[in-house]
Amino acid sequence: MSVDKACKLLEATYDGAGLDLEGAMQLHELIEPTLIDRQVLYRQVIGLTARTAAPTWLPLLCSGREAIRAVDTDVATCFERAGAFDPIPDQCVIDWWDELASLGYADDDLAKMSSGREAERLSLRHEQERLANVPDAPEVVWKSLDSNVAGYDIQSWQLLGGSWSPRYIEVKGSKRSPPILFLTRNEWNTAVRHGEAYAFHVWDLHHLRLAEVSVEHMATHVPTDSGNGKWEQVRVQLDEVAFT
């Protein structure tokens, strides 16, 4: 059963009209009958479809919410009703999304994704608290939920000359101490393009401490292309001094 058909059956059950009895009975056998929260029901239906039908939209989950919004109106509506498109979803919604996206991941990739999400939420909270008492501060945006190709994870803000200017933050998290991070060419190109408006948040998740690294400082760890060689990813281990 496709996700759009399953969700239409679910909606018909709520509305009490146009119910496909055979389809509804099939759906009833597959989902938890005790659930009464509509968003949870939609998430369970989408998850069921992802695990049993190998839908064409499943690989797009890794690319972020913008890819799902664009794939199909009915599918996008189902995800919207599941709470996936809320500006800042609850942690249970993010965990659900990442669990679906991980169906094509190896175990080590799943662990990296989990650490990354944890670090992003910490940075989101850090920036929200930094701006909490500043009058008329714009809303901090969790950009990586929508796209993983933007070159940054959080869009925050800073006052420059009395006006609000974007502050782009790439977030890295590691359970090693000091942390080891992997920087992609796209992330670095984005950092160079934005210059002082860009920063790296590197979280030591073992000790829950943050190192805020400037583009200028990160540049000391970034290699240069040579001859026919071009780097695409670099491994960086921060010194302990970055956290002091």
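These numbers come from a predicted model, not from an experiment.
- Using a 4.5 Å heavy-atom threshold, the side chains of Arg235 and Ile180 count as touching.
- Between the side chain of Trp97 and the backbone N or O of Leu61 there is at least one donor-acceptor pair closer than 3.5 Å.
- No side-chain N or O of Gln155 forms a donor-acceptor pair with one of Arg167 less than 3.5 Å apart.
- Pro89 and Gly83 get closest at one heavy-atom pair: CB-O, 4.1 Å.
- Looking only at distances, no side-chain donor or acceptor of Trp231 sits under 3.5 Å from a matching main-chain atom of Asp225.
- Connection of Ile88 to Val171 is established within a shared hydrophobic cluster, with ILVMFWY side chains joined at heavy-atom distances below 4.5 Å, either directly or through further cluster members.
- Residue Ala82 comes nearest to Trp96 through the heavy atom pair CB-CH2, 4.1 Å, listed as atom of the first residue, atom of the second, then distance.
- In the hydrophobic clustering of this structure, Leu145 does not group with Tyr152; members are Ile, Leu, Val, Met, Phe, Trp, Tyr whose side-chain heavy atoms approach within less than 4.5 Å, directly or through other members.
- Residues Val141 and Ile154 are not in side-chain contact: their nearest non-hydrogen atoms beyond the backbone lie 4.5 Å or more apart.
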Item to check | Derivation of the side chain to side chain donor-acceptor pair (under 3.5 Å) call for Arg81 and Gln39 | outcome: CA-CA 6 Å; Arg81 291 173 178 167; Gln39 283 194 356; over 6 Å; no
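- No side-chain donor-acceptor contact under 3.5 Å links Arg185 to the backbone of Gln233.
- No donor-acceptor pair closer than 3.5 Å links the side chain of Trp203 to the backbone N or O of Gly116.
- No salt bridge links Asp86 with Arg65; every basic N to acidic carboxylate O contact stays at or beyond 4.0 Å.
- Asp239 places no side-chain N or O within 3.5 Å of a backbone atom of Ala242 that could act as its donor or acceptor partner.
- The side-chain heavy atoms of Val236 and Val222, taken from C-beta on, include no pair separated by under 4.5 Å.
- Aromatic ring orientation, His194 versus Tyr198: parallel (interplanar angle below 30°, classes split at 30° and 60°).
- Taking hydrophobic clusters as Ile, Leu, Val, Met, Phe, Trp and Tyr residues chained together by side-chain heavy-atom distances below 4.5 Å, Leu210 does not share a cluster with Leu181.
- Remark: of the listed residues Lys175, Arg209, Arg176, Arg209 is the sole one forming a side-chain hydrogen bond (donor to acceptor under 3.5 Å, both in side chains) with Asp204.
- Under the 4.5 Å side-chain heavy-atom criterion for ILVMFWY residues, no single connected hydrophobic cluster contains both Val192 and Val149.
- A side-chain donor-acceptor contact under 3.5 Å links Glu120 and Trp142.
- Nearest heavy-atom pair across Ala67 and Leu60 is CB-O, 3.9 Å.
- Between the side chains of Ser177 and His207, a donor-acceptor pair is found at a separation under 3.5 Å.
- Connection of Val241 to Phe243 is not established within any shared hydrophobic cluster, with ILVMFWY side chains joined at heavy-atom distances below 4.5 Å, either directly or through further cluster members.
- Within the 4.5 Å cutoff, the side chain of Leu124 has heavy atoms near those of the Gln128 side chain.
- Here the closest heavy-atom approach between residue Ile169 and residue Ser156 is recorded as CD1-CB, 4.1 Å.
- Here the side chains of Thr73 and Val75 are not in contact, with every heavy-atom distance at 4.5 Å or above.
- A donor-acceptor distance shorter than 3.5 angstrom exists from the side chain of Arg130 to the backbone of Trp157, with no hydrogens or angles considered.
- Considering only heavy atoms from C-beta on, Phe200 comes within 4.5 Å of Leu183 through its side chain.
- The closest side-chain donor-acceptor pair between Glu232 and Thr184, if any, does not fall under 3.5 angstrom.
- Lys143 and Asp153 are not joined by a salt bridge, as no carboxylate oxygen comes within less than 4.0 angstrom of a charged side-chain nitrogen.
- Taking 4.5 Å as the limit, every side-chain heavy atom of Trp57 sits out of range of all side-chain heavy atoms of Asp72.
- Between the side chain of Arg117 and the backbone N or O of Met113, no donor-acceptor pair lies under 3.5 Å.
- Cation-pi geometry between Arg69 and Phe85 is met: the NZ or CZ atom falls under 6.0 Å from the ring centre, inside 45° of the normal.
- Between Lys172 and Glu187 there is a salt bridge, with a side-chain nitrogen of the basic residue lying less than 4.0 Å from a carboxylate oxygen of the acidic one.
- Here the shortest heavy-atom pairing between Leu131 and Ala137 reads O-CB, 3.8 Å.
- Looking at heavy atoms from C-beta onward, Cys78 lies in side-chain contact with Ile46 at the 4.5 angstrom threshold.
- The only option from Glu118, His201, Glu170 that meets the side-chain hydrogen bond (donor to acceptor under 3.5 Å, both in side chains) definition with Ser123 turns out to be His201.
- A donor-acceptor distance shorter than 3.5 angstrom exists from the side chain of Thr220 to the backbone of His217, with no hydrogens or angles considered.
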